[in-house]
Amino acid sequence: MNANIVLPPGLLLVLSAPSGAGKTTLAHRLIKETPESVFSISVTTRRPRGKERDGVDYNFVDVATFQSKIERGEFVEWADVHGHFYGSPQSVVDEARSRKSVAIFDIDVQGGQAIKRKHSDAVTIFVLPPSMDELERRLRARQTDSDETIRRRMLAARSEMERGIASYDYVVVNDDLERAYSELRSVVVAERCRRGRVDVSKLGLGV
Ligand code: 5GP
């Protein structure tokens, strides 16, 4: 056993899920109830929807601005999702590292995998709906999408779920919001206690 393992400071937490799994509700509650946590506000070229606010839900930019951010290395990862660009700011990672805080990324599986490749200590959690039928029911209940859009979303969800289940560190099934939240919270608590993440240098043990 290597007792001297030391992980970089801060916790990079990636949450992914197909839309309709309840991920955003879980992410916001986790941020509210986890001291020293920050939500990574992604940059996107898609237009704001409904009540979304610039600088709160996303930073909305045009394609030229997004491209110059890529060139300046401002993203820890970026991706083309359904024809729009989305990117997670490198500054969120840097701040989590320097402040030893928890950064929460609400992004897709390709983004989560990219963060994990760059930061092997990142923790990836995939939120699953209780069943495909229930996911479809939730998507239909929103009454915002056509049958064709729902069919496309269901296909995308299936592929996202297969990739998430195959590659993520943790899987949380959201059949009951309270239980799913308590599982999510337990992962964060456990990960904060991971050997190498806790500073034991001041215990006088000489390790
Ligand atoms: P929406 O446009 O519905 O808000 O998001 C579409 C998809 O893009 C969701 O799966 C969301 O998690 C993902 N997404 C949001 N921000 C980012 C990001 O910065 N990077 C990546 N890779 N995906 C993102």
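Side chains included, hydrogens not; waters and symmetry mates left out as well; all remaining heavy atoms used. Every number for a ligand or one of its atoms is a count from 1 in the order of the listing.
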Side-chain atoms of residues 6-14: list all donor-acceptor pairs with protein atoms under 3.5 Å, sequence neighbours left out, distances to 0.1 Å.
none

Enumerate, one pair per line, all nitrogen or oxygen atoms of ligand 1 lying under 3.5 Å from a protein nitrogen or oxygen, stating the separation to 0.1 Å; write 'none' if no such pair exists.
from     : atom 1 : to     : atom 2 : distance (Å)
ligand 1 : 2 (O)  : Arg46  : NE     : 2.6
ligand 1 : 2 (O)  : Arg46  : NH2    : 3.3
ligand 1 : 2 (O)  : Tyr86  : OH     : 2.4
ligand 1 : 3 (O)  : Arg49  : NH2    : 2.8
ligand 1 : 4 (O)  : Arg46  : NH2    : 2.9
ligand 1 : 4 (O)  : Tyr58  : OH     : 2.5
ligand 1 : 5 (O)  : Tyr58  : OH     : 3.4
ligand 1 : 12 (O) : Lys23  : NZ     : 3.0
ligand 1 : 16 (N) : Ser42  : OG     : 3.1
ligand 1 : 19 (O) : Ser42  : OG     : 2.7
ligand 1 : 19 (O) : Glu77  : OE2    : 3.4
ligand 1 : 19 (O) : Gly87  : N      : 3.4
ligand 1 : 19 (O) : Gly87  : O      : 3.3
ligand 1 : 19 (O) : Ser88  : N      : 3.4
ligand 1 : 19 (O) : Ser88  : OG     : 3.2
ligand 1 : 20 (N) : Glu77  : OE2    : 2.7
ligand 1 : 22 (N) : Glu77  : OE1    : 3.0
ligand 1 : 22 (N) : Asp108 : OD1    : 2.8
ligand 1 : 23 (N) : Asp108 : N      : 3.3
ligand 1 : 23 (N) : Asp108 : OD1    : 3.3

(request) Answer yes when Asp147 and Arg151 have at least one side-chain N-carboxylate O distance shorter than 4.0 Å, and no when they do not. (result) no

(request) Can you sort out the partners of Arg137 under side-chain contact (heavy atoms from CB on, under 4.5 Å), two or more places apart, ordered by chain and number? (result) Glu134

(message) Between Phe85 and Trp78 (judged by ring centroids, cut-off 6.0 Å), do the two rings come close enough to count as a pair?
(response) yes

(message) Taking side-chain contact (heavy atoms from CB on, under 4.5 Å) as the definition, give me every residue that meets it alongside Ser201, ordered by chain and number, with sequence neighbours left out.
(response) Asp199

(message) What I want to check is whether the side chains of Ser68 and Thr65 have a donor and an acceptor closer together than 3.5 Å.
(response) no

